[in-house]
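Right, one structure below, let's go through it.
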Amino acid sequence: MKNALRISCSRVNLKAVRDFVAASLLDCNLSNTQLNQIILAVDEVVANLIIHANGEDESQYLDLAIDIKDQLFAIEIFDNAATFYSPSTYHEPDLTEFIRQGKRGGVGMTLVNRIMDRVEFTSNGGQNVCRLFKHLVYE
Amino acid sequence: MKITQHSSAGTLTLILDGELDASSSVLLDTELAKPETLQFQKVLINCKQLNYISSAGLGVFISHLQQFQDAGVKLVFFNMQDKVYNVFEILGLDTLMTIVPSEEEATAA
């Protein structure tokens, strides 16, 4: 089955994104923890695309498409930002140091990379795509 | 996301109700950034009704924890739902922050 959602680039739409992901996984009989993890990973990426790639420009849109097949959850997130969002090379954050410095950001993509099985960011002539994949474990 | 608070005898308790994300985390940051927060010995976070936390919410706590420690304020989370606790665990924050099951334990911490 395939589900799609379009949102404008505003943080207030994050709730709609989470509800969309939750609804698409409703029949999959996942544990609350696994369901929440997938919702979280998508929320993190979408928040980054809204805030960093699109500068919270509400005239810009993100298009989300979810496909679930044979225990594989896949989501594609499309945007047309002129600045291609590509998280910097992945480093394990030193959280003790983050706390010492009072650092606020920087852990979202760590969550995504730890939760999802595969994370891809690609750009193709003005359209950017983030793809996230997760093998589902049914209860 | 709704935040209510009450205080008594050197302890501030914040009750978080709803979903803490990149949109709502500014509310929490505003609460924790108030100068009077540093006058308490303890800040307890009641997470019973906290249904969701993303990195933005975690970031608020990460950003304030050192200042609290420097001021001698203890930050303690209690009544955390399993799925929220799991988010702290994914990052290893469960070992860097004080999270206890009940209000009694939070008060005694």
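Below, read A as the first sequence line, B as the second, and so on, with proteins coming before strands; counting in each chain starts at 1. Scope of the values below: all heavy atoms of this structure, side chains included, with no hydrogens, waters or symmetry mates.
In the hydrophobic clustering of ILVMFWY residues, with side-chain heavy atoms under 4.5 Å counting as a link, A/L132 and A/L5 come out together. B/Y52 and A/L35 fall within a single hydrophobic cluster, where Ile, Leu, Val, Met, Phe, Trp and Tyr are joined by side-chain heavy atoms under 4.5 Å apart, directly or via other members. A continuous path of ILVMFWY side-chain contacts below 4.5 Å connects B/L96 to B/L58, so both sit in one hydrophobic cluster. When hydrophobic clusters are built by joining Ile, Leu, Val, Met, Phe, Trp and Tyr residues whose side-chain heavy atoms come closer than 4.5 Å, directly or via intermediates, B/F68 is not grouped with B/F78. Under the 4.5 Å side-chain contact rule for hydrophobic residues, A/V119 and A/I77 share a cluster.
Applying the side-chain hydrogen bond (donor to acceptor under 3.5 Å, both in side chains) test to every pair with at least one member in residues 28-41 of chain A, sequence neighbours left out, gives these pairs: A/Q37-B/N86.
One distance of note links CG of A/D43 with OG of B/S23; it measures 10.0 Å at 0.5 Å rounding. Note that the CD atom of B/Q66 and the CD atom of A/E97 stand 9.5 Å from one another [nearest 0.5 Å]. The distance from atom CG of B/D21 to atom CZ of A/R11, rounded to the nearest 0.5 Å, is 9.0 Å. The CD1 atom of A/I39 sits 7.0 Å away from the NZ atom of B/K83 when rounded to the nearest 0.5 Å. One distance of note links CG of A/L95 with CE of B/M97; it measures 8.5 Å at 0.5 Å rounding.
In terms of non-hydrogen atom pairs under 4.5 Å with chain A, the most contact-rich of B/D29, B/V60, B/N51, B/I53 is B/D29. In terms of heavy-atom pairs under 4.5 Å with chain B, the best-connected choice from A/L14, A/L40, A/V107 is A/L40. Interface check for chain A: of the options B/V84, B/D82, B/L93, B/L91, the most heavy-atom pairs under 4.5 Å are formed by B/L91.
For the residue pair B/S54 and A/E44, the shortest heavy atom distance occurs at CB-OE2, 3.2 Å. Between A/K103 and B/I62, the shortest heavy-atom distance links the atoms O-CG2, 3.1 Å.
With a 4.5 Å cut-off on non-hydrogen atoms, A/I51 touches chain B through its side chain but not through its backbone. For a residue to count as touching a neighbouring chain, one of its non-hydrogen atoms must lie under 4.5 Å from one of that chain's; by this rule A/I115 touches chain B with the side chain only. Using a 4.5 Å cut-off between heavy atoms, A/T96 touches chain B through backbone and side chain atoms alike. Neither the backbone nor the side chain of B/D70 comes within contact range of chain A; no heavy atoms are under 4.5 Å apart.
Side-chain atoms of B/Q67 never come within 3.5 Å of backbone atoms of A/G102 as a donor-acceptor pair (strictly under, hydrogens ignored).
For B/K34, the NZ atom is densely surrounded, since the number of other residues' heavy atoms within 6.0 Å is greater than 12.
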